[in-house]
Amino acid sequence: MVDYRTQGQIAILEVNNPPVNALSIHVRKGLDDGISRAVRDPSVKAVIVIGKGRTFSSGADIKEFNKPQEGPRLTMVGKKLEESDKPVVAAIHGTCLGGGLEIALFCHYRIAVKSARVGFPEVLLGILPGAAGTQRLPRVTDVAVAMEMISTGKHVPAPKALEYGILDKIVQGDLLEEAVKFAKSVMGKPVQPCRLSDQPVKGADRLVQVFDAAMRQVKQRQRGFMAPVVCLKAVRSAAELPYNEGLLRENTLFTELMSSSQCAALRYAFFAERAAQRWQLPSGASAANTKPVPVKSTGVIGAGTMGQGIAICLLRVDYPVILVEQNQKLLDKGVEMIQLAFKDAVRRKLMTEDAMRHCMSNISPTVDMQQLANVDLVIEAVYENVALKQDIFRKLDVICKPSAVLCTNTSTISIDIIASATKRPGSVVGTHFFAPAHIMRLLENVYSKDTSAQAVATVMDLGKKIGKVSVLVKTCHGFVANRMFHHQGQEAALMLEEGALPEHIDKVMEDFGMSIGPMKVSDLSGVDIGWRIRHEVAKMEGVELTSQTRFFRGERYCTLPDKLYELGRLGRKTGKGWYRYEKPGGRVAMVDDEVTNLIKKHSAEMGIERRGISTQEIQERILYPAINEGFRILEEGVAAKPEDIDVIWWYGFSFPRYMGGPMFHASQVGLSKVYERICYYHQNFPYSSHWVPSDLLRKLASAPSPVPISQWMSYSQSKL
Ligand SMILES: CCCCCCCCCCCCC[C@H](O)CC(=O)SCCNC(=O)CCNC(=O)[C@H](O)C(C)(C)COP(=O)(O)OP(=O)(O)OC[C@H]1O[C@@H](n2cnc3c(N)ncnc32)[C@H](O)[C@@H]1OP(=O)(O)O
Ligand SMILES: NC(=O)c1ccc[n+]([C@@H]2O[C@H](COP(=O)([O-])OP(=O)(O)OC[C@H]3O[C@@H](n4cnc5c(N)ncnc54)[C@H](O)[C@@H]3O)[C@@H](O)[C@H]2O)c1
C-alpha cells in the first residue's frame, strides 16, 4: 500500500492503493512506518510523499467510515511527518483531496504538476476535514480562502493553489524527477519555518467580517444543510484558539457531523451515484461488457425549448449538430435562442467568446431531415405527440445509416411505441433530458423491450461526455421521474381544491428542504406540459376532459390545472401560472389574487367545503404518493435499485442530497410508518390509485426488523 525506497539520500514513500489512493488503514500504517524508517535512517536527508497511478490521494477511505477506527489515525501520521527534522515534500498529481490534502499540509513543502487539483470536499459528505485541515489550511492561505474552500468543497486548480500559497511550486516534466530536484534543494535547510502548526492564522485580524460574510452566503445557498455551517465554525476556531485546542474543537465538531443523519445520507449518495453508472440489462449485458457506438456527429430534431438545450449540451463538448426544424422561421428562432444562451454564458464568464464562436460554427441548421443521413446519433425533441413521434421515427428509419443510434426525448411515451414505427427497434432508446436541458444534470436513459445493449452503452457514454449523471431505466408510461412526480402534481391539485393555496404547499415543501416547491416547479416546466400529457392520454382512450370532469380512468380528477391552462396561465414563460411573475420568463413568484379566487371558486363549484390543511398532511401527501410509486417502480423492475431513483430525484428535481432522496428518506422515517400513513390516506381517498399501497412496501414494512436499503430488492420476488 506504501512502497518505501531510497534514491541517494532521499526516501520515497509511494502510496499505492488503486484506484484513487484512498487513505485506508494499510496506507496510514505504511506512511507511519515509512516516515519512522526515513527518520531513523541516518543516510536519508529528505523525504518525498508521492502517489502511484492516476492521483495523489482522494482522501480518507469513505468505506471505512461505518467501521470502528483501526490503525494509526491520520492526524498521528501527519504529526510524525511534520515533526521530522528532515524536509518532507509532497509531490502532487491528479487530485489531492480531503485527508490527502491534510497529509500534504503536514509535509513541509508541496509541489504539483499544473493539471493537479487540491480541495477539501468533506462538506459534500456532510463532514469537515477532520485531520487538522480546518486548522492548517488557514495557516497556509488566507482565512477567507480557507473558509470558502472548506465550506464549498470546490476543487482548486494547481495554478490557483500556488497563488493562494497552498503550493510552493508548479513543476513541468516528470513529477518524481522534479520532486527529487526540489528535495535536494531544501536538504539541510531548517524545517521549523515550514511547520504550519507553529504559524499564525493568515488574515485573523479580519476574522469577524470574513466569518459573517461566509456564514450569510452559506445560509442563503444551502438552507437546512448543517455541514457548511459547522465547517465555518471549525475554521473560525483556528483563529480563536491555540493550535492544539483548535484540533480538539475540530474533533468535537467532526464527531458531531459524522454521526448526523445528513452525513449518512450524503455517504449513501456518494456510492449511489457511482453505482448508477454500473448499469445492467435483464439480458446480462452491462457497462462492463458492452462497447458504445463511436459518436462523431449528431442530429437534433425540434429546436424548441428542449431541442435548444440538448443542442447546447452537444455543442459545448464539440459534437457537430445538425439541427432540424419544421420550418425556417422556427429554425431561425431556435438558433437565435441557442446563440443567446451562449452569449449569456460568455457574459457570466463561463466560456470565452472564441469558444462560443467555435460552438456556433458547429451547428448546421436545416429544415431537411435528409441531412441526417450520416449522423451517428440523433435525438428527437418534437412535441409530445405519439403520431408525430412515430412519423419522425418512420422517416429516420429510412434516412439514417444502419449504425445510427436513434434517441427520443419523450417525457412520457413508452419507447416500445415509438420504436415500433421502425424496422430497427434495437437502435431506438430514450434520452430523457430535464428542463433546462443545458443546466439540469440528469439524463434518464430509457430502454425498450428491444433496445440493444450497444444503444444503451452509447447513450450512457454520451451522458458522461456531456457532463450529465445518467441513470438507466426500463420503459413504461412516464418512466421513473415523471411517473413519481405526476402523483405529487395530482395530490397538490387535490389539496388546492380541498383548502390549500399554492404558496402554502410550496412553503411546506421548501421548509422541508426542496429548493423550490411543486407549484413553482409546475410554473417552471410549463402548465401546458401536464395539460398536453393528460389530454393526449385521454384522447388515446377516446375520452374528452372538460371543466366538469370529476373522474378519469376511475379516479378522482381535479380540473384546476386545466382551468389555469385555459386562462393562458402557462407558468413563468407567460409571466403567470400558479403565481404572477414580474415579466414573461421572470423568476420572482408573487401570490396572485386571480389564482386565489380561481381556486376558491373552483372549490365552491365542486361543492367542497374548504378546510385548513396541516403541514404534516401537506408533506405526507406530496411525498408519500411519490414514494409509494417508487416502490411499484422497483416491483416492476423499471428501476433496478432504490439508489437509482434517489439519484434521479437529486439531479432531476433538486431533492436535497443531504436528505438522501425520497427512497432514502422513507428508510429514515421507517417503512412501517410510511406504509401505515399510506394505508390511512388510501382509506380516506379511495378514488386515487396512487394511495393503493405497493406490495413491495407492504412486505418490507412487515419485516421483523428494518431492512437496509441495499437489501430491498431481495424482497421484490418474495412471496411474503
Ligand atoms: C463518530 C464515528 C467516527 C468514525 C471516524 C472514522 C473516520 C475517521 C477519519 C478522520 C479523519 C478525517 C480525514 C478527512 O478529513 C476526511 C476525508 O478525507 S473524507 C474523503 C474526502 N474525499 C472525497 O470526498 C473525494 C471523493 N472522491 C472523488 O471525488 C472522486 O472519486 C475523485 C477522487 C475525484 C476521482 O473521480 P473519478 O476519477 O471520476 O473516479 P470515481 O469517482 O468513479 O472513483 C473511482 C472509485 O474510487 C472510489 N473512491 C473514490 N474516492 C474514494 C474515497 N475517498 N474512499 C473510498 N472510495 C473512494 C469510488 O467509489 C469509485 O469506486 P466504485 O464506487 O466505482 O467502486
Ligand atoms: N419542456 C419540458 O420541460 C420537457 C422536459 C423533458 C422532456 N420534454 C419533452 O421534450 C419534447 C419537446 O418538448 P419541448 O418542451 O421542447 O417542446 P417545444 O414545443 O418547445 O418544441 C418542440 C419543437 O418541435 C418542433 N417540431 C414539431 N414537429 C416537427 C417536425 N416534424 N420536424 C422538426 N421539428 C418539429 C416544433 O416546431 C417545436 O419547435 C417533448 O417530447 C417533451 O415531452 C419536455
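Since this is a predicted model, take the numbers as computed values, not measurements. Just follow the structure's listing: the first ligand is 1, and inside any ligand the first atom is 1.
- If you check the side chains of S24 and D61, you find a donor sitting under 3.5 Å from an acceptor.
- Not a single heavy atom of G133 sits closer than 4.0 Å to an atom of ligand 1.
- Residues E122 and G99 share a closest heavy-atom pair of OE2-N, 3.6 Å.
- Looking at Q277 against ligand 1, nothing comes within 4.0 Å, counting heavy atoms.
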> Given the rule in the side chain to side chain contact (heavy atoms under 4.5 Å, CB included) test, do N289 and S286 qualify, once you have shown the distances and angles that lead to the verdict?
Replying inline: CA-CA 5 Å; N289 61 23; S286 70; 3.6 Å; yes

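- No donor-acceptor contact under 3.5 angstrom links the side chains of S470 and Q277, judged on distance only.
- Each of the following atoms of ligand 2 lies closer than 4.0 Å to a heavy atom of A381: 12 (C), 22 (C), 23 (C), 24 (O).
- Shortest contact from atom 62 (O) of ligand 1 to any protein heavy atom: K63 NZ, 4.7 Å.
- Close approach of ligand 2 to A435 (heavy-atom distance below 4.0 Å) involves ligand atoms 2 (C), 3 (O).
- Only the side chain of V20 comes within 4.0 Å of ligand 1, judged by heavy-atom distances.
- Taking 4.0 Å as the cut-off between side-chain N and carboxylate O, D528 and K573 count as a salt-bridged pair.
- Checking N327, D391, T305, V382 against atom 11 (C) of ligand 2, the nearest heavy atom belongs to V382.
- Atom numbering of ligand 2 starts at 1 in the shown order; those under 4.0 Å from a heavy atom of L330 are 37 (O).
- In this structure, R73 has no heavy atom closer than 4.0 Å to ligand 1.
- Remark: ligand 2 atoms within the under-4.0 Å shell around heavy atoms of K389 are 40 (C), 41 (O).
- Heavy atoms of M369 found under 4.0 angstrom from ligand 2: none, in either backbone or side chain.
- Taking CZ of R139 as the start and CG of L196 as the end, the distance is 8.5 Å to the nearest 0.5 Å.
- The distance criterion of under 3.5 Å between nitrogen or oxygen atoms is met by S411 with respect to ligand 2.
- Salt-bridge check for R136 with E102: failed, with every basic side-chain N at 4.0 Å or more from each acidic carboxylate O.
- Counting only N and O atoms by type, the side chains of S364 and Q371 include no donor and acceptor under 3.5 Å apart.
- The protein heavy atom nearest to atom 44 (C) of ligand 2 is M306 CG, 3.3 Å.
- Inspection of the Y651 and E273 side chains reveals an N or O donor paired with an N or O acceptor under 3.5 Å.
- In summary, K641 and D644 engage in a salt bridge, as defined by a charged side-chain N under 4.0 Å from a carboxylate O.
- Between H432 and ligand 2, no N or O atom pair is found at a separation short of 3.5 Å.
- For the pair L396 and L372, the tightest heavy-atom approach, listed with the atom from each and the gap, is CD2-CD1, 3.8 Å.
- Using a distance-only test at 3.5 Å, with no hydrogens or angles considered, a donor-acceptor pair links the side chain of K468 to the main chain of M440.
- Remark: the W578 side chain and the S522 side chain contain an N/O donor-acceptor pair separated by less than 3.5 Å.
- By heavy-atom distance, the residue among I529, V521, T431, N409 lying nearest atom 7 (C) of ligand 2 is N409.
- Within 4.0 Å of atom 32 (C) of ligand 1, not a single protein heavy atom is present.
- Residue contacts with ligand 1, taken as heavy atom pairs separated by less than 4.0 Å, involve R54 solely via side-chain atoms from C-beta onward.
- Heavy atoms of F254 approach ligand 1 to within less than 4.0 angstrom.
- Of the protein's non-hydrogen atoms, E325 OE2, 3.3 Å is the one closest to atom 38 (C) of ligand 2.
- The ligand atoms of ligand 2 that sit less than 4.0 angstrom from a heavy atom of T410 are 41 (O).
- In this structure, atom 17 (O) of ligand 2 is not in close contact with the protein, since no protein heavy atom lies within 4.0 Å of it.
- The presence of a protein heavy atom under 4.0 Å from atom 64 (O) of ligand 1 is confirmed.
- If you check each of K67, M258, H155, R28 against atom 5 (C) of ligand 1, the one with the closest non-hydrogen atom is M258.
- Every atom of ligand 2 with a heavy atom of G304 under 4.0 Å away is listed here by number and element: 16 (O), 20 (O), 21 (O), 23 (C), 39 (O).
- If you look at F120 next to ligand 1, there are no close heavy atoms at all, none under 4.0 Å.
- From N17, atom CG reaches atom CE of M1 across 4.0 Å, with rounding to the nearest 0.5 Å.
- At a 4.0 Å heavy-atom cut-off, ligand 2 touches I301 through the side chain alone.
- If you look at I533 next to ligand 2, there are no close heavy atoms at all, none under 4.0 Å.
- Annotation: atom 28 (C) of ligand 1 to nearest protein heavy atom, R274 NH2, 3.9 Å.
- When heavy-atom distances to ligand 1 are checked against a 4.0 Å cut-off, P19 comes that close only through its side chain, counted from C-beta outward.
- The side chain of L125, and not its backbone, has at least one atom closer than 4.0 Å to an atom of ligand 1 (non-hydrogen atoms only; side chain from C-beta on).
- At the shortest separation from atom 28 (N) of ligand 2 among protein heavy atoms lies L388 CD2, 3.7 Å.
- Taking every heavy atom of G302 and a limit of under 4.0 angstrom, the matching atoms of ligand 2 come to 24 (O), 25 (C), 34 (N).
- Of all the heavy atoms of F433, the ones lying under 4.0 Å from any atom of ligand 2 belong exclusively to the backbone.
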>> ring pair (Phe, Tyr, Trp, His ring centres under 6.0 Å) for F485 and H487? Distances and angles first, verdict last.
In response: CA-CA 5 Å; F485 188 69; H487 296 312; over 10 Å; no

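- Residue-level proximity to ligand 1 for E64 is absent, since no heavy atom of it falls below 4.0 angstrom.
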> Step by step, would you call R28 with D32 a salt bridge (charged side-chain N to carboxylate O under 4.0 Å, His left out)?
Replying inline: CA-CA 6 Å; R28 298 196 303 275; D32 194 56; over 6 Å; no

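- Between E325 and K333 there is no salt bridge, since none of the side-chain N atoms of the basic residue sits less than 4.0 Å from a carboxylate O of the acidic one.
- Residues T475 and S448 bring no donor and acceptor atom of their side chains to less than 3.5 Å of each other.
- Distance check for atom 24 (O) of ligand 1: a protein heavy atom is found below 4.0 Å.
- For the pair M258 and R267, the minimum side-chain heavy-atom distance is below 4.5 Å.
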